[in-house]
Protein chains: 4
Amino acid sequence: MARGINKVILVGNVGNDPEVKYTQGGMAIAKVSLATTSVRKDRDGNTQERTEWHRVTFFGKLGEIAGEYLKKGSQVYVEGSIRYDKYTGQDGIERYTTDIIGDEMQMLGGRGDGRGDNAGSSGGFAPRRDASQGGYQKKPEATPAPAAAADFKDFGDDDIPF
Amino acid sequence: MARGINKVILVGNVGNDPEVKYTQGGMAIAKVSLATTSVRKDRDGNTQERTEWHRVTFFGKLGEIAGEYLKKGSQVYVEGSIRYDKYTGQDGIERYTTDIIGDEMQMLGGRGDGRGDNAGSSGGFAPRRDASQGGYQKKPEATPAPAAAADFKDFGDDDIPF
Amino acid sequence: MARGINKVILVGNVGNDPEVKYTQGGMAIAKVSLATTSVRKDRDGNTQERTEWHRVTFFGKLGEIAGEYLKKGSQVYVEGSIRYDKYTGQDGIERYTTDIIGDEMQMLGGRGDGRGDNAGSSGGFAPRRDASQGGYQKKPEATPAPAAAADFKDFGDDDIPF
Amino acid sequence: MARGINKVILVGNVGNDPEVKYTQGGMAIAKVSLATTSVRKDRDGNTQERTEWHRVTFFGKLGEIAGEYLKKGSQVYVEGSIRYDKYTGQDGIERYTTDIIGDEMQMLGGRGDGRGDNAGSSGGFAPRRDASQGGYQKKPEATPAPAAAADFKDFGDDDIPF
DNA sequence: TTTT
DNA sequence: TTTT
């Protein structure tokens with residue numbers, strides 16, 4: 001019986017173009033690193049800065065959207081949960097990983113790349129140019145058109161009046 | 001184009017047994033009041049306490065679960081969004097309402113009712129006894145068995161490995 | 001005794017330049033409207049869009065920062081709580097208001113990549129030009145220099161190692 | 001310049017009595033494991049359950065409160081941030097840890113009805129009996145009386161009217 | 001290691 | 001209207 005809430009909310013900048021691969025069943029898995037930086041004053045009055053790099057994974061349709069629209073430098077809102085895994089490396093040593101499994105994503109800042117070279121775009125968010133070659137594995141079949149970059153939230157129950 | 005995040009997280013105690021009604025299409029709509037109380041010290045060192053009463057609405061399957069399992073006094077986690085509405089009363093005066101539209105709910109505290117009279121129950125959360133008469137409107141048709149009280153989160157994509 | 005969590009997380013666009021006033025004790029109170037828009041498909045496959053306008057209030061130092069840095073159109077992250085109030089208008093009619101009391105704020109989108117080509121700028125977010133005249137009431141005394149626009153989070157305990 | 005939001009919200013059950021130690025400066029550091037369990041149906045209709053064990057650390061006053069009031073089995077709400085660290089073990093191997101740094105905590109479920117029959121108790125949550133011996137290190141000096149177990153949120157600015 |  |  002389920003017990004508990006495991007929720008993560010991140011706003012940060014993506015450190016790399018997404019890596020996208022597909023399961024045998026054709027489900028997309030997109031991975032990015034996401035940086036969140038915080039500042040504080042230490043007791044000497046000096047400003048201290050610290051950056052956490054989150055490994056964020058998106059599955060399914062959201063993985064496809066992330067693979068299309070996120071790129072190095074994008075500022076993004078991510079909501080998801082923390083997942084801890086353990087594996088044994090080829091060297092026989094047990095290692096641990098922590099991943100954020102994203103279940104909602106929203107691009108921020110209009111022209112989130114900051115390279116500003118897509119002037120003339122009416123919206124600000126464009127698919128990455130190399131998206132069709134991107135990732136390290138092709139999707140085996142035709143990709144359904146990604147949902148508008150708009151809001152990536154899944155609205156489950158179509159009956160619900162907003 | 002969607003822009004924005006509108007997210008509310010509440011943990012509080014329910015002030016009343018849920019009111020449940022059904023749309024013509026058979027969708028459940030459950031409403032409860034939820035109290036969240038905060039304390040702080042004022043500048044005189046006195047403890048000040050303030051309670052907010054949130055109007056929480058659950059639609060669809062979650063509405064059915066809420067109608068079955070929540071009752072006056074239940075401690076509950078609710079995640080949802082804020083919705084503002086405006087209507088004109090019969091007196092011709094415009095009025096405004098604020099509702100929390102719940103899209104996740106989880107009961108807290110094991111036997112959240114405190115009436116402890118359902119001894120023998122193996123779990124602690126039992127449907128309200130009067131659920132079948134509850135609310136102010138009957139559901140027009142047979143209610144599908146509610147999901148286990150367990151975890152009320154909708155897991156959208158069955159492909160996603162946890 | 002306090003019971004409950006009342007937390008709101010918003011990402012949206014500001015609808016107006018902030019209104020700032022000061023209490024007799026000199027505490028800033030800044031108010032803005034913040035829009036969050038969501039989209040969904042209705043059962044006919046049409047895209048439906050709905051915008052909520054949140055009334056957001058910032059107190060104290062955060063109110064000063066909001067008053068300086070937010071302006072109409074700013075995209076912003078806000079974390080806070082919901083507060084419901086009731087008052088009786090001059091017409092003798094009871095009315096209700098809902099406000100989001102912000103306790104954390106972070107500006108978004110301002111060339112978040114850091115590769116900005118206007119090197120020499122300290123960061124991308126500039127105070128509003130008319131900030132010194134802004135608002136509808138002056139602060140009675142000298143304003144302490146606002147914290148760097150950077151991260152508006154209050155780090156309470158200086159002892160805590162990040 | 002700070003950029004980003006790194007926020008975690010957990011509701012779960014504590015797996016062990018807290019371990020509390022103190023820095024040379026006398027600051028408490030309390031650590032607990034917190035379990036969050038989720039369920040979902042796999043594609044064969046079988047119920048799958050998965051538990052994440054979060055390492056949660058509380059510093060300062062909140063660490064003292066956690067050390068006093070949390071115990072194995074407690075249900076608790078925690079809000080904080082994720083922190084990743086890397087260290088080299090005595091075996092010379094680099095290892096990584098992930099911790100949740102708690103900055104708000106609230107105990108849940110403590111006889112949420114309030115009609116409790118052990119009148120005379122001040123409230124439902126009692127300090128752990130062995131708190132004075134608890135943890136694996138003593139605090140070097142007198143502990144300031146912990147804040148009421150009530151609400152552990154730090155209200156920063158005493159001027160703020162709720 | 002928790003909880004249901 | 002809840003809860004402590």
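The chains referred to below are lettered A, B, ... by the order of the sequence lines, with proteins before strands, and numbering in each begins at 1.
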Ring-on-base stacking between F125(B) and dT4(E), under 5.5 Å between centres and under 30° between planes: is it there?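 No; by the centre-distance and plane-angle rule, F125(B) does not count as stacking on dT4(E).
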
Centroid distance under 5.5 Å and plane angle under 30°, W53(B) vs dT1(F):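 Per 5.5 Å and 30° rule: yes, stacked.
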
E52(D) vs N6(A), test: side chain to side chain donor-acceptor pair (under 3.5 Å). Steps then yes/no. CA-CA 8 Å; E52(D) 306 301 332; N6(A) 170 0; 5.3 Å; no

Rounded distance in Å - [atom1] ([X]) to [atom2] ([N]):
X: Q75(B); N: dT1(F); atom1: CD; atom2: P; result: 21 Å
X: E19(B); N: dT1(F); atom1: CD; atom2: P; result: 14 Å
X: R50(D); N: dT3(E); atom1: CZ; atom2: P; result: 20 Å
X: N13(D); N: dT2(E); atom1: CG; atom2: P; result: 10 Å
X: K71(D); N: dT1(E); atom1: NZ; atom2: P; result: 21 Å
X: L108(D); N: dT4(E); atom1: CG; atom2: P; result: 13 Å
X: Q106(B); N: dT3(E); atom1: CD; atom2: C1'; result: 11 Å
X: K86(C); N: dT1(F); atom1: NZ; atom2: C1'; result: 13 Å

Partners passing ring-ring contact (aromatic ring centres under 6.0 Å, His included) against Y96(C) (at least two apart in sequence or in another chain):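 Result, ring-ring contact (aromatic ring centres under 6.0 Å, His included) vs Y96(C): none returned.
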
Test: [X] and [Y] ion pair at under 4.0 Å:
X: R40(D); Y: E49(D); answer: no
X: K72(B); Y: D17(B); answer: no
X: R50(D); Y: D85(A); answer: yes

Listed nucleotide nearest any side-chain atom of [X], set [options]:
X: K72(B); options: dT3(E), dT3(F), dT1(F); answer: dT1(F)
X: R3(A); options: dT2(E), dT3(E), dT1(E); answer: dT3(E)
X: T37(B); options: dT2(E), dT3(F), dT1(F); answer: dT3(F)

Is it the case that the side chains of H54(D) and T36(D) hold a donor-acceptor pair, with the cut-off being a distance below 3.5 Å and no angle test?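 Yes, H54(D) and T36(D) have a side-chain donor paired with an acceptor closer than 3.5 Å.
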
Within the structure shown, what part of the strands sits under 4.0 Å from T51(B) by heavy-atom distance: base, sugar-phosphate, or nothing?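 Base: the residue T51(B), judged by heavy atoms under 4.0 Å, touches a nucleobase.
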
Any donor-acceptor pair, under 3.5 Å, between the side chain of S33(D) and the base of dT2(E), if you only look at N and O atoms?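 Side chain to base: no pair below 3.5 Å.
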
Can you tell me which stems involve DNA chain E, if a stem is defined as three or more consecutive Watson-Crick or G-U wobble pairs, both distances under 3.5 Å?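 Correct response: none, since no qualifying run exists.
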
Passes side chain to side chain contact (heavy atoms under 4.5 Å, CB included), I93(A) versus T88(A)? Steps please. CA-CA 5 Å; I93(A) 296 173; T88(A) 306; over 6 Å; no

